[in-house]
Amino acid sequence: MNYKLLSAGILLMAGSAVAPARDSSLRFDPTAFSAQTLTMPDGTQVSFKAYEGIYYVTNVEDSVYQSLNIYVPDKLVSSDKVPIFLRTYVGGYAASTAKSPSPADATGRALKEGYVVCIPGSRGSNSTVERNGKTIYTGTAPNGLLDLKAAVRYLRYNDDLIPGSSELIFTDGTSAGGAMSSLLGATGNSHDYDKYLKEMGAADARDDVFAAICYCPITDLNHADMEYEWLYGCTNTGVRHLSEDQMVISDELAAECPAYLNSLGLKDADGNPIDADNYKEYLKTFLIASAHRALQEGCEIPDTIGFTFYQDKQGPMGGGPGGMGPRGPKPDGRGQAGQPPFGDGRQAPSFGPGNAPRFNKTSDFVTGLDLDRYLSYVASVTPLKTPPAFDQMGVLIDTPSPENKVFGNEEGEAANFTDFSLRHRLDNPAAELSKDMRHRVELMNPMNYIGSDKSTVASNWYIRHGAKDRDTSFLVPINLATKLMNTGKNVDFALPWNRPHSGDYNLDDLFNWIKTTLAQ
């Protein structure tokens, strides 16, 4: 459907409602560009028009961050459906400027594919302005998310002027940026944000998106501490080497996690309930799938990290146990790490009904996993965070985490955002978060919007979290992907083998998914 022609036709219909007047200060100028060229890793030259330094709100509080850049390739993709690839560079919940496309990540690849690229800046925990001789921190939650939503509204508000379709916005981000991408995907058009966006002078337009790409999203923050300890508690007396006080905190947090997992009402792809009792078996299916795919791709896996293998003497590929011969890490330690753990080595099927990971023990390489042993391997590669992993301020240590800072105030004072940590910091069992803090935390968690009637949730999701990424618990991305799948969304999810905390990898897989999604 040509949405631009449809909109124009509606406005021209006799007797139709008069469209609201557009704010000229938020209108895109198609003539204000510079010609630029990007050299890709393969030597390909990509020429494009660069529209830079565009403010996406009228009440700009922080001119350093509240702007966006738009890049339009000279050769747009040959289709009526030209997507807009919106990449946020948020990391650690800090501020991010509107950057230029890079040949090393998905922005350069998107331009090469003929897509329009938008890179918005946004405020964060470290952004400040001087006001009446006083330093004001401008990026306290949810301001960074509000900036990104305002950028989406700008694209929609100017759909008639900006090449590409605002009905086909793909958001992309890594780590805290992955969390922001998940929030953009989950909170579209929610009235919870309206008053803030109006105060900012955001465009009067929708802010839902077509698809969300989330690499290792650091999200579900108010439950992330308990999920971390529930999963990694098995390492506390081994590789983690916690103190007695840390062990007490770890055990207390872990004890709160089962009730949360049970409250989610998750189901696997076959409709079977997932709860705290069988959750780790569910997690193992994704890790086994990741290892299985890695072996198919030629990566060698040591038999000391918890996996068991098919033991036929010839094996599926011959040459010894499991058919793989001696197992040990390749020089790069990961093989084709970004490949999804499903399918035949080409395109991964969607993670949805009928596409659960399944294994044939008589023909597949990996037959089982000792999860505690594998988690000890992960913890031995990169030291785990100490408890609490996220809301740490005042609980055994005074140092605030990036998350404590983003939930702080305009004076730059960090704050607790969970009742657990607040109680321990104040040594008061009755201490509770303020109503305002609870509201801010709710606005920053996509899990509160998926499956509700409060927002327009993106239909398409691409979620990746490395199989040795310990920056948050595996539960966080798995819960996100599963809840989306349970509500009928098109979800492509994987734990890529031996991949650490990182993003925008295996771009062939990502852009094949984008093309498949556009063709549906």
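All values below were derived from every heavy atom in this structure, side-chain atoms included, with hydrogens, water molecules and symmetry-related copies excluded.
The side chain to side chain contact (heavy atoms under 4.5 Å, CB included) test with Leu369 singles out one residue from Thr285, Leu283, Thr308, Ile288, and that residue is Ile288. Of the options Leu68, Thr88, Val152, a side chain to side chain contact (heavy atoms under 4.5 Å, CB included) to Cys118 is made by Leu68 and by none of the others.
Using modelled atom types, one finds no donor on one side chain facing an acceptor on the other under 3.5 Å when comparing Glu442 with Asn448. A donor-acceptor contact closer than 3.5 angstrom is absent between the side chains of Tyr462 and Thr517. Counted by atom type alone, Thr187 and Ser455 present zero donor-acceptor pairs between their side chains at under 3.5 Å. With no hydrogens or angles considered, no side-chain donor-acceptor pair links Tyr260 and Asn222 at under 3.5 Å. Between Gln392 and Ser401, the side chains place no donor N or O within less than 3.5 Å of an acceptor N or O (distance only, hydrogens not considered). Tyr215 and Asp172 share no donor-acceptor pair across their side chains, judged by distance under 3.5 Å alone. With 3.5 Å as the limit, one finds a donor-acceptor pair spanning the side chains of Tyr279 and Asn479. In this structure, a donor-acceptor pair under 3.5 Å is absent between the side chains of Asp245 and Ser243. Ser181 and Thr171 share a donor-acceptor pair across their side chains, judged by distance under 3.5 Å alone. Defined by atom type and a distance below 3.5 Å, a donor-acceptor pair is present between the side-chain atoms of Asn409 and Glu413. Defined by atom type and a distance below 3.5 Å, a donor-acceptor pair is present between the side-chain atoms of Asn189 and Asp208.
Using a 4.5 Å heavy-atom cutoff, the side chains of Asp492 and Trp461 are not in contact. Side-chain contact between Leu253 and Pro388: present, with at least one pair of heavy atoms (C-beta onward) separated by less than 4.5 Å. Between Thr472 and Cys216 there is no side-chain heavy-atom pair separated by less than 4.5 Å. A 4.5 Å side-chain heavy-atom check between Leu231 and Glu227 finds every atom pair outside the cut-off. Annotation: side chain of Phe309 is not in contact with side chain of Thr367 (no heavy-atom distance under 4.5 Å). The shortest side-chain heavy-atom distance between Asp225 and Pro387 does not fall under the 4.5 Å cut-off. Between Met437 and Phe417, some side-chain heavy-atom pair lies under the 4.5 Å cut-off. Two residues are said to be in side-chain contact when any heavy atoms from C-beta on lie closer than 4.5 Å; Asn143 and Tyr137 fail this criterion.
Listed here is the closest heavy atom pair of Pro217 and Val476: O-CG1, 3.8 Å.
In this view, Phe307 and Tyr374, Trp497 satisfy the ring-ring contact (aromatic ring centres under 6.0 Å, His included) rule, not counting sequence neighbours. With sequence neighbours excluded, no residue satisfies side-chain hydrogen bond (donor to acceptor under 3.5 Å, both in side chains) with Ser122. With sequence neighbours left out, the side-chain hydrogen bond (donor to acceptor under 3.5 Å, both in side chains) criterion links Glu252 to His424.
Side-chain atoms of Lys483 come within 3.5 Å of backbone N or O of Met447 as a donor-acceptor pair. Asp275 contributes no side-chain N or O that, together with a main-chain N or O of Pro258, makes up a donor-acceptor pair within less than 3.5 Å. Between the side chain of Asp207 and the backbone N or O of Lys149 there is no donor-acceptor pair closer than 3.5 Å. Side chain of Glu113 to backbone of Arg109: no donor-acceptor contact under 3.5 angstrom is found. Remark: the backbone N or O of Met247 is not paired with any side-chain donor or acceptor of Ser250 at under 3.5 angstrom.
Atom CG of Asp427 has 12 or fewer heavy atoms from other residues, nucleotides or ligands within 6.0 Å. Summarising the local packing, NZ of Lys267 is surrounded by 12 or fewer heavy atoms from other residues, nucleotides or ligands at distances under 6.0 Å.
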Exercise for review: Quick one: do Asp220 and Leu480 satisfy side chain to side chain contact (heavy atoms under 4.5 Å, CB included)? Show the steps, please.
Suggested key: CA-CA 9 Å; Asp220 197 12; Leu480 176 65; over 6 Å; no
Review point. Could you go step by step and tell me if Asp194 and His191 meet the side chain to side chain donor-acceptor pair (under 3.5 Å) rule?
Key: CA-CA 5 Å; Asp194 282 351; His191 294 309; 2.6 Å; yes
Review point. Going through the distances and angles, do Asp398 and Arg425 end up as a salt bridge (charged side-chain N to carboxylate O under 4.0 Å, His left out)?
Key: CA-CA 9 Å; Asp398 294 328; Arg425 180 171 69 85; over 6 Å; no
Practice item. Determine, step by step, whether Ser459 and Asn490 satisfy the side chain to side chain donor-acceptor pair (under 3.5 Å) criterion, reporting the C-alpha distance in whole Å, the side-chain angles of both residues, the deciding distance to 0.1 Å, and the verdict. Key: CA-CA 6 Å; Ser459 298; Asn490 169 35; over 6 Å; no
Practice item. Could you check Asp105 against Thr107 for side chain to side chain donor-acceptor pair (under 3.5 Å), going step by step and ending with a plain yes or no? Key: CA-CA 6 Å; Asp105 65 26; Thr107 55; 2.4 Å; yes
Check your understanding: Do Glu432 and Arg423 pass the salt bridge (charged side-chain N to carboxylate O under 4.0 Å, His left out) test, and can you show the C-alpha distance, the side-chain angles, and the key distance before you say yes or no?
Key -> CA-CA 7 Å; Glu432 293 184 349; Arg423 291 195 303 266; over 6 Å; no
Review point. Under the side chain to side chain contact (heavy atoms under 4.5 Å, CB included) criterion, do Thr418 and His223 qualify, and how do the steps go?
Key: CA-CA 8 Å; Thr418 65; His223 303 105; over 6 Å; no
Practice item. Let me see the working for Thr382 and Asp471 under side chain to side chain contact (heavy atoms under 4.5 Å, CB included), right down to the final yes or no. Key: CA-CA 9 Å; Thr382 305; Asp471 281 43; 5.7 Å; no
Exercise for review: Decide yes or no on side chain to side chain contact (heavy atoms under 4.5 Å, CB included) for Trp230 and Ser473, but give the supporting numbers first.
Suggested key: CA-CA 9 Å; Trp230 187 79; Ser473 167; over 6 Å; no
Review point. Could you go step by step and tell me if Lys385 and Glu229 meet the salt bridge (charged side-chain N to carboxylate O under 4.0 Å, His left out) rule?
Key: CA-CA 10 Å; Lys385 300 178 180 181; Glu229 299 310 318; over 6 Å; no
Review point. Yes or no on salt bridge (charged side-chain N to carboxylate O under 4.0 Å, His left out) for Glu410 and Arg123, after CA distance, side-chain angles and deciding distance?
Key: CA-CA 12 Å; Glu410 289 189 347; Arg123 296 167 293 174; over 6 Å; no
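Once rounded to the nearest 0.5 Å, the distance linking CZ of Arg206 with CD1 of Ile169 reads 9.0 Å. Rounding to the nearest 0.5 Å gives a distance of 10.0 Å between CZ of Phe407 and CG of Leu433. Rounding to the nearest 0.5 angstrom, the gap separating the OG atom in Ser175 from the CG atom in Asp469 is 8.0 Å. The structure places CG of Leu495 at 13.5 Å from CZ of Arg293, a figure rounded to the nearest 0.5 Å.
Under a cutoff of 6.0 Å and an axis angle of 45°, Arg470 and Tyr232 do not form a cation-pi pair. Cation-pi geometry between Arg87 and Tyr89 is satisfied (NZ or CZ under 6.0 Å from the ring centre, within 45° of the ring normal).
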